[in-house]
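These notes are about the structure you will find just below.
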Amino acid sequence: MNNNSESIAANGGTCGLTRFFDEDRGPFGKYIYLFSQTLAGYNYRDPNLYNGAGYGAYSHENWANRIGWVEFGGSGCD
């Protein structure tokens with residue numbers, strides 16, 4: 001993603017949620033998360049990160065061109 005994304009989606013079939021971080025070196029700093037479309041069926045995409053995104057304490061902030069790390073987690077992940 002390299003801080004160059006204006007939309008996100010989480011379509012995974014085995015992980016319950018996906019976290020999107022604003023750090024490039026790992027799962028640190030601020031993050032937002034989306035639930036899996038396949039497993040949860042809701043809140044799985046955000047087509048415009050400028051107006052806030054997903055869930056979490058920082059979801060109200062502008063996330064366009066800010067995501068540097070993605071982590072898959074939640075129910076069903078190894």
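None of the values given here were measured: they were computed from a predicted structure. Numbers for residues simply follow the sequence, beginning at 1.
For the pair Phe28 and Asp22, the tightest heavy-atom approach, listed with the atom from each and the gap, is O-OD1, 4.0 Å. Looking at every heavy atom in both residues, Leu49 comes nearest to Asn62 through O-OD1, 3.5 Å. Across Trp63 and Tyr58, no two heavy atoms sit closer than the pair NE1-O, 2.9 Å. Ala53 and Ile32 make their closest contact through CB-CD1, 3.4 Å (heavy atoms, listed as atom of the first residue, atom of the second, distance). Scanning all heavy atoms of the two residues, the minimum distance from Ser59 to Gly54 falls at CB-O, 3.5 Å.
The distance from the CD atom of Glu23 to the CZ atom of Arg66 is 10.0 Å, given to the nearest 0.5 Å.
Under the salt bridge (Lys or Arg N to Asp or Glu O under 4.0 Å) criterion, the residue pairs touching residues 27-36 are Lys30-Glu61, with sequence neighbours excluded.
Other residues, nucleotides and ligands place more than 12 heavy atoms under 6.0 Å from the CZ atom of Phe21.
Contact of the Tyr55 side chain with the Phe35 side chain is registered, since non-hydrogen atoms from C-beta on lie closer than 4.5 Å.
Listed by chain and number, the residues in a side chain to side chain donor-acceptor pair (under 3.5 Å) with Glu71 are Arg19 (sequence neighbours excluded).
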**Request:** Please test Tyr50 against Asn65 for side chain to side chain contact (heavy atoms under 4.5 Å, CB included), starting from the C-alpha separation and ending with a verdict.
**Result:** CA-CA 9 Å; Tyr50 283 105; Asn65 301 316; 3.9 Å; yes
